[in-house]
Amino acid sequence: MNFHFYSACCFLIIFSKVSTAIDTLSPSELLTDGMTLVSRNGRFELGFFTPGSSENRYLGIWYKNMPMQTVVWVANRRNPINNSTSMLKIESSGKILIQVQNTTVVWSTNSTARVQNLILQLLDSGNLVVKDGKDSNPENYIWQSFDYPSDTMLPEMKIGIDLRTGFHRRLTAWKNWDDPSPSDLTYGIELKRNPELVLKKGLEKYFRSGLWNGNGFSEAPNYRSNPIFDYDFIWNESEVYYVFSLKDKSVMYRLVLNQTQSQRQRYIWSPETQTWKLFAVQPDGNCDKYGLCGPNGNCADELPACQCLTGFRPKWFERWNSSDWSDGCIHSKPLNCQSGDGFIRIGRMKTPDSANSWVNKTINLKECRAKCLRNCSCMAFTNLFVTKGGSGCVMWFDDLLDIKYQSDGQDLYIRVSASEAEKKKMAKVKLAIILATVIVVLLGFLLLVYHLRRSRRKLKDEVEDNNLYDGEDEDENEDMDVAVFEFGTIAQATDSFSFMNKLGQGGFGPVYKGTLANGQDIAVKRLSKSSGQGPNEFKNEVKLIAKLQHRNLVRLLGCCIHGDERMLVYEYMPNGSLDKFIFDETRCTVLTWSKRFRIICGVARGLLYLHQDSRLRIIHRDLKASNVLLDSEMNPKISDFGMARTFGGDQIEANTNRVVGTYGYMAPEYAIDGLFSAKSAVFSFGILL
Ligand SMILES: *[C@@H]1O[C@H](CO)[C@@H](O)[C@H](O)[C@H]1NC(C)=O
Ligand SMILES: *[C@@H]1O[C@H](CO)[C@@H](O)[C@H](O)[C@H]1NC(C)=O
Ligand SMILES: *[C@@H]1O[C@H](CO)[C@@H](O)[C@H](O)[C@H]1NC(C)=O
Ligand SMILES: *[C@@H]1O[C@H](CO)[C@@H](O)[C@H](O)[C@H]1NC(C)=O
Ligand SMILES: *[C@@H]1O[C@H](CO)[C@@H](O)[C@H](O)[C@H]1NC(C)=O
Ligand SMILES: *[C@@H]1O[C@H](CO)[C@@H](O)[C@H](O)[C@H]1NC(C)=O
Ligand SMILES: *[C@@H]1O[C@H](CO)[C@@H](O)[C@H](O)[C@H]1NC(C)=O
Ligand SMILES: *[C@@H]1O[C@H](CO)[C@@H](O)[C@H](O)[C@H]1NC(C)=O
Ligand SMILES: *[C@@H]1O[C@H](CO)[C@@H](O)[C@H](O)[C@H]1NC(C)=O
């Protein structure tokens with residue numbers, strides 16, 4: 001009886017709590033410790049809370065109905081309260097304050113306004129605002145918590161600077177799980193000459209986004225194609241800010257600074273598992289670390305990480321050779337500004353630090369070059385915007401800092417001595433001659449094949465009656481179709497290209513692990529979007545590559561074409577790549593000599609097949625340990641063959657730039673003159689051996 005009575009009471013209490021959930025507070029009301037405001041959509045809740053194992057109380061906003069406390073904003077970060085006597089109220093002047101024991105003010109805002117229907121409201125976006133209750137224009141908020149971010153950036157929140165007042169909105173990490181007070185890790189817009197987003201530790205830059213190129217940030221120019229959120233960067237006379245919005249508003253998504261990892265992390269809520277899933281982190285890898293390679297050094301996700309830019313040499317060889325890159329590089333031939341320098345183009349780069357740069361949004365590349373050439377301290381230039389074929393001008397002065405190679409980066413024109421520029425030009429001419437020769441030889445070869453086939457067909461007609469000729473050879477595989485996967489299938493298999501499924505970053509784009517609905521594991525290579533190949537050309541190319549089948553080649557299962565996005569689907573290799581074994585002190589013990597020997601023979605057989613036994617003769621231009629994958633029985637399989645083919649055209653040059661990163665494996669004639677042949681692939685094999 002009693003029990004029923006109590007449960008009925010409890011039910012009533014809970015029910016009344018739910019039904020009276022309110023999202024506003026007026027000047028006549030108090031929010032004491034224990035009471036909360038709930039946004040109208042029920043997503044966010046405002047009240048007093050205790051973080052981690054701390055005993056202090058803070059006023060904050062968190063996600064309601066979540067198994068783990070996820071706080072997105074804290075009011076009194078610097079002024080903790082050590083008991084539950086606190087209350088929140090709003091004065092009729094528009095000022096919000098937290099008081100303890102009715103008297104002491106622990107925290108307050110500065111806002112003032114003369115408004116009739118003043119209210120404090122927790123909006124559906126997680127924004128706490130002071131406003132006129134009758135006015136719904138967001139521009140007229142008297143005060144909003146989005147102007148004073150803690151460590152979390154939510155959709156529609158602006159991170160940036162109001163250029164008229166100098167008001168700065170930036171994120172600051174919590175000290176630790178238990179203490180929301182501001183640490184030294186901050187994330188915001190750095191306004192030197194050209195604004196960019198910078199993650200800083202104290203006064204030191206830790207990671208930068210690179211310039212906004214009209215489409216994205218230089219650091220991740222194609223990131224906008226992600227399925228979760230869109231973003232924008234506004235820069236005009238009145239303000240400069242970064243903002244993002246969700247493509248699907250029902251998704252819960254946040255960007256947060258993590259003090260222990262010194263990272264900017266993006267999380268997405270997974271309703272199935274009731275956990276936050278890491279969607280992306282920055283900095284991600286060595287090359288994201290600010291200035292790792294010193295002045296004029298270029299970083300690539302290879303070993304060693306740093307290379308001098310073309311036309312430069314290490315300032316101190318001894319230090320550079322022992323992986324101390326902090327001194328960076330200097331011009332290998334001194335510049336001579338008066339009698340003329342030149343520029344060389346380096347493709348696929350993240351733009352250098354903008355602290356010492358200059359921009360003009362209207363002038364074109366040609367004028368930009370002329371302007372840069374005239375100013376002796378101008379060391380590099382390029383287009384500011386990459387959209388619509390490129391426009392605008394950026395110039396960098398003195399040392400070039402924090403550059404990295406990236407597959408979807410942009411062109412950079414670097415000042416070198418006239419003789420150096422001339423050398424590069426000669427190399428280009430040489431390459432052109434070689435290409436022309438190759439094409440002529442190929443054409444001749446094709447003609448020869450055509451004639452041979454015709455004569456063979458004649459022969460075939462003659463001998464067909466005798467059944468001597470095995471006709472299968474002729475049209476075999478012609479109708480062997482490569483699977484063309486739906487984008488939806490791939491997205492589902494890879495969990496929307498989730499960060500957790502990323503296997504690595506290859507020269508032609510990131511690789512993701514996926515599982516098809518039938519349980520088959522796949523590896524998906526998402527090609528960088530610059531090949532300019534049409535869908536049919538691409539499909540034909542894939543068909544050609546798919547015909548290459550050998551037990552020591554990774555099998556291509558199919559492809560996926562979605563808009564201008566191209567993906568290749570391979571069988572998944574559970575043991576990853578060979579370099580993960582060779583260069584790892586513990587894992588390399590797995591490789592006994594007999595296993596090593598088997599791997600060597602396997603790679604050799606695969607290479608022989610590519611060079612001699614397959615129909616398409618393929619030259620692997622980047623054979624190295626990380627391109628040899630191992631299946632569950634440690635059988636080696638060559639990957640990334642035919643990529644240069646698939647990618648075609650102007651990629652040859654991009655590949656040559658990539659070569660810089662893999663110098664160790666390059667045959668000299670390839671590294672110097674760009675001359676590749678079966679011999680250069682065998683050279684690489686020798687190094688691998
Ligand atoms: C409660 O905490 C506040 C600030 O931490 C302090 O000023 C106040 O004296 C405390 N009250 C009691 C009853 O301990
Ligand atoms: C709470 O903080 C006040 C000062 O802010 C201090 O005087 C008081 O002793 C503290 N009370 C407890 C229980 O820690
Ligand atoms: C606190 O303030 C409220 C309203 O102003 C008042 O009713 C109450 O008596 C005060 N309590 C104390 C302990 O001063
Ligand atoms: C409020 O104004 C005072 C003085 O103008 C300033 O020192 C303080 O930092 C301001 N507080 C906030 C939260 O803006
Ligand atoms: C700056 O851009 C914002 C957002 O597009 C716009 O609302 C504002 O009017 C612009 N200001 C100027 C001075 O162009
Ligand atoms: C920081 O990141 C690590 C690794 O991703 C995670 O385990 C930890 O919970 C994060 N800390 C905070 C305060 O979010
Ligand atoms: C550093 O390495 C380069 C290239 O491997 C070599 O040419 C040079 O002699 C080395 N310098 C020193 C001082 O070890
Ligand atoms: C950009 O260059 C154009 C043409 O030289 C010039 O008219 C304009 O004033 C420049 N803008 C800035 C911001 O320097
Ligand atoms: C070169 O550009 C820098 C930076 O804008 C400027 O300070 C310097 O005066 C310029 N030099 C010449 C010769 O124009």
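The residues of the chain are indexed from 1 along the displayed sequence. Read the numbers this way: they start at 1 and go in the same order the structure lists the ligands and their atoms.
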Can you tell me if NZ on Lys315 sees more than 12 non-hydrogen neighbours from other groups inside 6.0 Å? no

Carboxylate-amine/guanidinium proximity below 4.0 Å for Lys205 and Asp402: no

Are there more than 12 heavy atoms of other residues, nucleotides or ligands under 6.0 Å from atom CZ of Arg40? no

Are Arg164 and Asp162 ion-paired here, with the side-chain N under 4.0 Å from a carboxylate O? yes

Angle class for the Tyr231/Tyr223 ring planes (parallel below 30°, perpendicular above 60°, tilted otherwise)? tilted

For ligand 5, which atoms sit closer than 4.0 Å to a heavy atom of Ile234? 2 (O), 4 (C)

Donor + acceptor pair across side chains of Glu196, Ser354 (<3.5 Å): yes

Tell me, please: is Tyr241 in heavy-atom contact with ligand 5, that is, under 4.0 Å? yes

Checking side-chain polar atoms at under 3.5 Å, does Asn127 have a donor or acceptor matched by the opposite partner on Gln144? yes

Using a 4.0 Å heavy-atom cut-off, which part of Trp358 comes near ligand 9: side chain, backbone, both, or neither? neither

Any N/O of Ser238 closer than 3.5 Å to an N/O of ligand 5? yes

Does the distance from a Lys or Arg side-chain N to an Asp or Glu carboxylate O, for Arg348 and Asp411, drop under 4.0 Å? no

Set of residues that line ligand 7, where lining means a heavy atom lies under 4.0 Å from it: Phe317, Glu318, Asn321

